[in-house]
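Report on the structure given below.
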There are 2 protein chains.
Amino acid sequence: MSFSDIQTPALILDISKVKSNISRMTSHIKSLGVDLRPHLKTSKSIDVARLAVTGNFGGITVSTLREAEYFAERGFVDITLAVCLVPSKLDRAAALTARGVNLKILIDHPTLARALAEHSGDHQVLIEIDCGEHRTGLAWQAPELLEIARLLDGAANVQCAGVLTHAGHSYGCRSAGEMTALAEIERTAVVGAAGRLREIGITSSIVSVGSTPTAVFASDLTGVTEARPGVYMFGDLFQAGIGSCGIDDVALSVLSTVIAHQEKQNILVIDAGGLALSKDRSTQSLAHDCGYGLVCSAHSGKPFPGWTVGAVHQEHGQIISQNPIDFSNHPIGSQVRILPNHVCMTAAAHEQYHVIDGSDPHAPMEMWPRCNGW
Amino acid sequence: MSFSDIQTPALILDISKVKSNISRMTSHIKSLGVDLRPHLKTSKSIDVARLAVTGNFGGITVSTLREAEYFAERGFVDITLAVCLVPSKLDRAAALTARGVNLKILIDHPTLARALAEHSGDHQVLIEIDCGEHRTGLAWQAPELLEIARLLDGAANVQCAGVLTHAGHSYGCRSAGEMTALAEIERTAVVGAAGRLREIGITSSIVSVGSTPTAVFASDLTGVTEARPGVYMFGDLFQAGIGSCGIDDVALSVLSTVIAHQEKQNILVIDAGGLALSKDRSTQSLAHDCGYGLVCSAHSGKPFPGWTVGAVHQEHGQIISQNPIDFSNHPIGSQVRILPNHVCMTAAAHEQYHVIDGSDPHAPMEMWPRCNGW
């Protein structure tokens, strides 16, 4: 199978880049003396998961119960679900635990601790700490931290496995120095929380930090047991824009076909629109706004300088350029690839990856499925 | 099944509103003396399709080949694929035609006319006219219009079925008057194109206009044979914002669970984030920016005044309010519903609809599947 056999729009995953990205992060996190528990919310793929745990201890992170079920069915037994769980989802979580999965769920409120204690199933629980993003979680100094820990500790069916935080506000950092500083804030928060639990006799076997930018730029993870970055495996234009990867590291692109020429407007129209690319505009806040994605040569995967997807409709994308487009070089029916702003969003619009090896784009391709939905 | 049994996030479709929206559009288009060929790119659902053609002639519009195949497998035989097709997709189109589907495909360039003439399959073709949006299509006065028509007419395996346009720039209109005026521009363009074809002896059995705003506000469709609106069936906040439907007409919402309280920030966190809601921000350009969606009572479906989803992460949504939120009224585990900015984007993130009847939200729910992907 070659690109011309692929029905577009379609995801192209360059496995050599994925392996390189994984290897780099694994080495870095190991050098800091902690475990890497890769977050699979980006790839949602068993094949990527197997690569991601290579050289690590085998534990993974997920963002939905469906991911947890998908990976558990395929042999993963140490899974952290890093989004606060609500009572209506406890039965599914307990079912995984009952079949032998070491599933850790997340809470940040005494209400949930009480719901867990009253639930019929067994649960391992992490308490979420807010290290400044104010999305979910408790401040590590909050009185409720000890209240929750005591509620968990007192419940026969529940084990408090430790504390977890996510410096999602690292996406607001614009320099390596800022990201290193935020990694230290992230570390301090979660280690501080673990220390408070220790004072009341509760040991945190897991002290977990998250986020690709802070994982890349962390220089000291003393007191932390694991890091949970995810997007580093694929990379994207936003990560490249803030410096947590290079443009050449971006492993995922959307293969698309030129469906029309609007020569008067200097626009190439492609069959990848808002559904295939997502409407993420996160690069809008960066020095280089990439529109809805950067346009690359289909075969080399290298960006055409100054070309972006400037507008999207449901199934149409409009490629714009600062310079006149040579339409004869891009006839109707020819292909391009689009690098995504936010790869988690773009990948989620598709059911599978067409996997290539960068060193040989014409070699036989594997198809790797994804696990979407909830 | 009641809302509390649904694993969130999940789509809730109020079928009474869908039926009312469909009935209103059907009556209006009929009153203008033309056929309604409903566009199913929004719903991608066989069950909605059956409602949408009720009282009409049975023809439908789709945006992807996968939709065409999905509806053909379920008995629809008159299908227009309203996105320009490229040579690599002609085999799939011809396979539908070969099994008896009256499939009409779209082109706007002589290159494609020649590719069709050389293709092994039979094809019915519509020529796309650009009525001012400059997305795809030819100006109706363009010399290439006749060149394409003659190429199609001269090919034994191809039939030129007529002309089609889409006033997608109606989404830029901000008043009924503007939309009525644009509907007339849309009509003039496509009727003009049909007239030019008639002059060279080619009859357009189909003279087709599109877009929900122009369909709602068209006052005269003389010379047109059919209209292809789609989003009217569900409605959304953008359509309500420009006046093509009311907020109360919006039939689709995302059921979501409160997973955390950030009381200091006056934020409720829900389990519907960027994946479940989409990152569409189209209401940003309107008088009332709805963020990533309006927040409603789960049971009544009525908006809480001043509440929006102000920010999204992959699996988290942050509900903000101009007034202090009474957190005790929205405990962790309670539910809300979110009305979408752009319903086509939001629906596409989900695999199915939970169908309720507005008059009885606790009646047994049906599950209606969707056909996503390409």
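Atom set for the values below is all heavy atoms of this structure, side chains included, hydrogens, waters and symmetry mates excluded. In what follows, chains are A, B, ... by sequence order, proteins preceding strands, each numbered from 1.
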Of all residues at least two apart in sequence or in a different chain, which pass the ring-ring contact (aromatic ring centres under 6.0 Å, His included) check with A:Phe234?
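A:Tyr353.
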
For each of [options], tally heavy-atom pairs with chain A at distances under 4.5 Å, and name the one with the top tally.
options: B:Glu128, B:His316, B:Glu315, B:His261; value: B:His316
options: B:His134, B:Arg281, B:His109, B:Gln318; value: B:His134
options: B:Ala276, B:Ala115, B:Gly168; value: B:Ala276
options: B:Gln265, B:His350, B:His313; value: B:His313

Which region of [X], side chain (C-beta onward) or backbone (N, CA, C, O), has a non-hydrogen atom less than 4.5 Å from a non-hydrogen atom of chain B, or is it both or neither?
X: A:Val312; result: neither
X: A:Gln352; result: neither
X: A:Thr257; result: side chain

Atom of B:Leu275, atom of A:Cys344 and distance for their closest heavy-atom approach
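Heavy-atom minimum between the residues: CD2-O, 4.2 Å.
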
Minimum heavy-atom distance B:Ala349-A:Trp374, with the two atoms named:
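What the structure gives for the nearest pair is O-CZ3, 3.5 Å.
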
B:Ser282: partners by side chain to side chain contact (heavy atoms under 4.5 Å, CB included), with sequence neighbours left out:
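Only B:Phe238, B:Asp280, B:Asn341, B:His342 meet the side chain to side chain contact (heavy atoms under 4.5 Å, CB included) criterion with B:Ser282.
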
Separation between OG1 of A:Thr136 and CD1 of B:Ile332, rounded to the nearest 0.5 Å:
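Reported value, rounded in 0.5 Å steps: 10.0 Å.
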
When you measure from the side chain of B:Gln314 to the backbone N and O of A:Lys41, does any donor-acceptor pair fall under 3.5 Å?
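The answer is yes, because a donor-acceptor pair under 3.5 Å joins these two groups.
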
Find the one option among [options] whose heavy-atom pairs under 4.5 Å with chain B are most numerous.
options: A:Met345, A:Arg92, A:Lys264; value: A:Met345
options: A:Pro331, A:Gly333, A:Pro9; value: A:Pro9
options: A:Ile107, A:Leu138, A:Thr8, A:Asp5; value: A:Thr8

Which residues in residues 82-90 of chain A have any heavy atom closer than 4.5 Å to a heavy atom of chain B?
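Result: A:Val83, A:Cys84, A:Val86, A:Pro87, A:Ser88, A:Lys89.
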
Counterpart residues, side chain to side chain donor-acceptor pair (under 3.5 Å), relative to B:Glu351 (two or more places apart):
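Per chain and number, B:Glu351 pairs via side chain to side chain donor-acceptor pair (under 3.5 Å) with A:Arg66.
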
Does a donor on one side chain and an acceptor on the other come within less than 3.5 Å for A:Arg135 and B:Gln262?
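Side-chain D/A pair, A:Arg135 to B:Gln262: absent.
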
